[in-house]
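In this chain, residues are counted from 1 in sequence order. These numbers come from a predicted model, not from an experiment.
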Amino acid sequence: MMLANIANALSVLLILWLEDQMRLDAVIWSMIVIGIASLFLMRQATRRRKPFPERLSPRTYRRSVMQAAFLGMLWAYPGLVILPDVDGPLQAFFIALASGMIAGGAITLYPLPTAAYTFCGMIIAGSFIGFSRANEPSFWAFALVATTFSIIIYQSIKRHERIFVSEFEARKILDGQNEHMGEMLETSRNDALEERKRSEERLLQAQKLEAIGQLTAGIAHDFNNLLTAIRGHAELLAMSDSAQHDLIDPIVQSSDRGAELVRRLLAFARQQALAPRPVYPREIINETTVLMRRTLREDIEVNVDIASDSWAILIDPNLLSNAILNLGTNARDAMPNGGVITISLTNAANEEVPSHLIGDFVRLCVRDTGAGMTKDTQQRAIEPFFTTKEFGTGSGLGLSMVYGFAIQSGGTMSIKSKPGAGTTITLLLPKSPISPQIESGDTPKNVPTGSGKRVLLVEDNPSVRGSVIRLLESLDYVVTATQSVETAIDVMMQTAEDPDIILSDIVLPGGQRGTDFIREIRRTHPKIAVVLMTGYANTEGAVEEDAVEGVLLLNKPFGRAELAVAMSEAFRER
């Protein structure tokens with residue numbers, strides 16, 4: 001617009017000079033217009049450009065209108081003073097000049113309609129007054145042009161105003177959407193970070209459980225070897241005529257209890273091969289309750305209510321014991337100020353479980369007087385890794401493991417709880433069609449003996465090796481003991497007569513396996529009977545991985561009777 005001011009001012013001087021009507025006031029007016037326009041251009045060049053604000057301050061608005069009025073009066077001068085004194089082409093030029101300045105000013109000042117109207121009004125008013133002093137034909141010609149331009153300018157200003165307002169309304173909407181999008185992205189980012197944190201915590205818990213399982217298996221192997229040596233030597237002492245059975249029997253019983261604890265520990269770490277069998281749950285509940293009381297605080301009371309006529313169930317005893325311990329631990333954590341845990345066992349005839357199975361079940365309930373659960377917590381309680389405890393105080397696997405145990409056993413689990421009213425976990429376990437066998441605690445008096453048969457023993461643990469040698473010799477076997485596969489092979493090559501049976505540990509020093517040794521021996525000596533010993537619990541996995549036909553497994557710890565029976569059965573299966 002400022003460049004247009006300079007060009008138009010120079011055009012006025014040029015036209016006046018060409019028509020030989022040069023005027024001093026026109027020259028002065030042109031110099032003033034060129035000076036003001038140049039000043040504006042310099043200010044625009046030196047001042048940093050800023051976008052037009054969404055809303056003008058009252059002070060800026062007033063300054064803009066006053067500036068438009070000043071420029072309007074400046075451009076009204078040619079029409080007001082110069083135009084009445086000229087004629088012919090010069091009047092037409094001034095009509096066109098006024099119209100051009102009105103159109104340019106209106107477009108330039110469209111964001112401020114008031115300023116545009118002020119600028120255009122000044123020019124039109126000055127031109128009207130100037131033409132009123134000129135001849136009438138020129139005046140009415142200008143009046144027609146001015147009126148037409150006024151209508152066009154008015155519509156243009158209104159349209160530009162709508163465009164301007166729409167532009168800023170669209171900018172507001174876009175800014176709001178961008179802000180909302182930013183909030184959504186930030187929320188999504190936070191959710192992703194939280195989910196990543198939860199995934200890392202779950203992975204850490206899984207790695208801990210895996211490490212615990214591996215550590216437990218290794219400890220169980222060494223512990224079973226110790227128990228094998230302890231029990232073997234205790235039974236050897238009991239065979240002497242001067243044996244003090246009141247001292248020896250507690251050793252044997254303690255080793256049996258230790259073996260049972262190892263089996264339960266391995267079952268909890270998921271390292272034991274599990275197999276269901278008919279059992280009376282009341283016996284398991286009573287044994288587990290004794291263990292549970294040792295792990296609870298003194299301000300927690302445990303009550304047991306077991307029906308005397310409760311049915312037998314087909315289940316893995318270790319899993320049932322672990323489930324009760326898990327439920328007891330959860331109940332303890334739900335009662336920070338103490339309370340009562342009630343374990344009840346009743347029969348449920350013709351019960352319909354949620355899986356639409358109808359039959360006879362045994363109902364096991366574990367009830368506490370703790371804080372209870374909300375509905376949302378109940379719905380997510382059986383999800384793996386879900387926990388309401390602080391990080392590091394719970395894995396979130398307790399209830400999910402109990403639920404999985406109930407489902408795999410052919411039953412189900414339900415939760416009944418209210419905030420402040422405690423929680424009741426109910427397990428429905430199917431009745432066993434087979435009655436449990438009553439196990440006798442007495443050791444058989446007459447055990448099968450070896451009758452001088454030759455045994456090649458491969459065992460790396462000195463204590464176990466010494467114990468097994470004496471047990472085999474007491475069973476009338478002739479024993480040759482070695483501690484590695486290489487030594488055993490050398491013994492067989494140097495001995496004229498082959499052994500009648502090989503008794504070997506599965507895991508041997510140097511990464512060797514007893515099963516590999518047996519495969520090699522079977523190629524040249526297929527008739528030799530074999531018994532494999534193992535202190536690990538996942539024996540079924542070992543057999544599936546290293547299956548050897550006709551091999552009998554003997555789990556440590558074992559006693560003299562179990563060893564005798566295993567050796568006798570190995571001969572029969574040969």
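One finds the CD atom of Q244 at 11.5 Å from the CG atom of D249 (value rounded to the nearest 0.5 Å). Of the inter-residue distances, the one linking E287 atom CD with L320 atom CG reads 10.5 Å to the nearest 0.5 angstrom. Separation of atoms OG1 (T342) and CG (D368) is listed at 9.0 Å; rounding is to 0.5 Å. Distance CG/L327 to CD1/I343: 8.5 Å, rounded to 0.5 Å. The line from CG of L314 to OG of S432 is 5.0 Å long, rounded to the nearest 0.5 Å. Interatomic distance, M239 CE to L471 CG, rounded to the nearest 0.5 Å: 8.0 Å.
At a threshold of 4.5 Å between non-hydrogen side-chain atoms, the residues L345 and V304 do not count as touching. Within the 4.5 Å cutoff, the side chain of R470 has no heavy atoms near those of the E235 side chain. Looking at heavy atoms from C-beta onward, V252 lies out of side-chain contact with I230 at the 4.5 angstrom threshold. Contact check for T534 versus V507: no side-chain heavy atoms found under the 4.5 Å cut-off. The shortest distance between side-chain heavy atoms of T288 and L325 falls below 4.5 Å. No side-chain heavy atom of K453 sits less than 4.5 Å from a side-chain heavy atom of I501. Contact annotation: the side chain of V458 never approaches that of D505 to less than 4.5 Å [non-hydrogen atoms, C-beta and beyond]. A heavy-atom distance below 4.5 Å is not found between the side chains of T412 and T426.
Summarising the geometry of L429 relative to A406, their closest heavy-atom pair is CD2-CA, 4.4 Å, with the distance given to 0.1 Å. When all heavy atoms of E520 and I489 are compared, the pair lying nearest together is OE2-CD1, 3.9 Å. Looking at every heavy atom in both residues, C365 comes nearest to T424 through CB-CG2, 4.4 Å. The minimum heavy-atom distance linking M335 with G370 is given by the pair CG-CA, 3.4 Å. Closest of all the heavy-atom pairs between P499 and I528 is O-CG1, 3.7 Å. The minimum heavy-atom distance linking M567 with V455 is given by the pair CE-CG2, 3.7 Å.
Judged by distance alone, with hydrogens and angles left aside, the side-chain atoms of R454 form a donor-acceptor pair with the main-chain N or O of D498 at under 3.5 Å. Not one N or O on the side chain of S254 forms a donor-acceptor pair closer than 3.5 Å with the backbone of I251. Judged by distance alone, the side chain of N347 and the main-chain N or O of W311 form a donor-acceptor pair under 3.5 Å. Judged purely by atom type and a 3.5 angstrom limit, Q494 has no side-chain atom pairing as donor or acceptor with the backbone of V491. A distance-only check finds a donor-acceptor pair linking the side chain of S188 to the backbone of M184 [under 3.5 Å]. N461 places a side-chain N or O within donor-acceptor distance of the main-chain N or O of V464, the cut-off being under 3.5 Å. A donor-acceptor contact shorter than 3.5 Å links the side chain of T369 to the backbone of V340.
The salt bridge (Lys or Arg N to Asp or Glu O under 4.0 Å) contacts involving residues 182-193 comprise E186-R189, where partners must be two or more places apart or lie in separate chains.
Shown here are the side-chain hydrogen bond (donor to acceptor under 3.5 Å, both in side chains) partners of S568, two or more places apart in sequence or in another chain: R572.
Using modelled atom types and a 3.5 Å distance limit, the side chains of R560 and S474 yield a donor-acceptor pair. Looking at S310 and R282, their side chains do bring a donor and an acceptor atom within 3.5 Å of each other.
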*Can you list the steps and then say if R367 with I341 is a side-chain contact (heavy atoms from CB on, under 4.5 Å)?*
CA-CA 6 Å; R367 183 183 302 106; I341 299 176; over 6 Å; no

*Evaluate the criterion side-chain contact (heavy atoms from CB on, under 4.5 Å) for residue pair L532 and L554; output intermediate values, then yes/no.*
CA-CA 6 Å; L532 289 177; L554 182 60; over 6 Å; no

*Stepwise side-chain contact (heavy atoms from CB on, under 4.5 Å) test for V302 and T289*: CA-CA 8 Å; V302 179; T289 303; 3.7 Å; yes

*Run the numbers on L427 and V366 for side-chain contact (heavy atoms from CB on, under 4.5 Å), then give the verdict.*
CA-CA 9 Å; L427 300 180; V366 179; over 6 Å; no

Would you be so kind as to tabulate the donor-acceptor pairs closer than 3.5 Å made by side chains of residues 475-487, with sequence neighbours excluded?
unit_1 : atom_1 : unit_2 : atom_2 : d
T482   : OG1    : L457   : O      : 3.1
S484   : OG     : T487   : N      : 3.3
S484   : OG     : T487   : OG1    : 2.9
E486   : OE1    : Q512   : NE2    : 3.2
E486   : OE2    : Q512   : NE2    : 2.4

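At least one cation-pi condition fails for K431 and F361: the charged atom is not both under 6.0 angstrom from the six-membered ring centre and inside a 45 degree cone around its axis.
In summary, K556 and E459 engage in a salt bridge, as defined by a charged side-chain N under 4.0 Å from a carboxylate O.
Sparse packing is recorded around CZ of F223, with 12 or fewer heavy atoms of other residues, nucleotides or ligands lying under 6.0 Å away.
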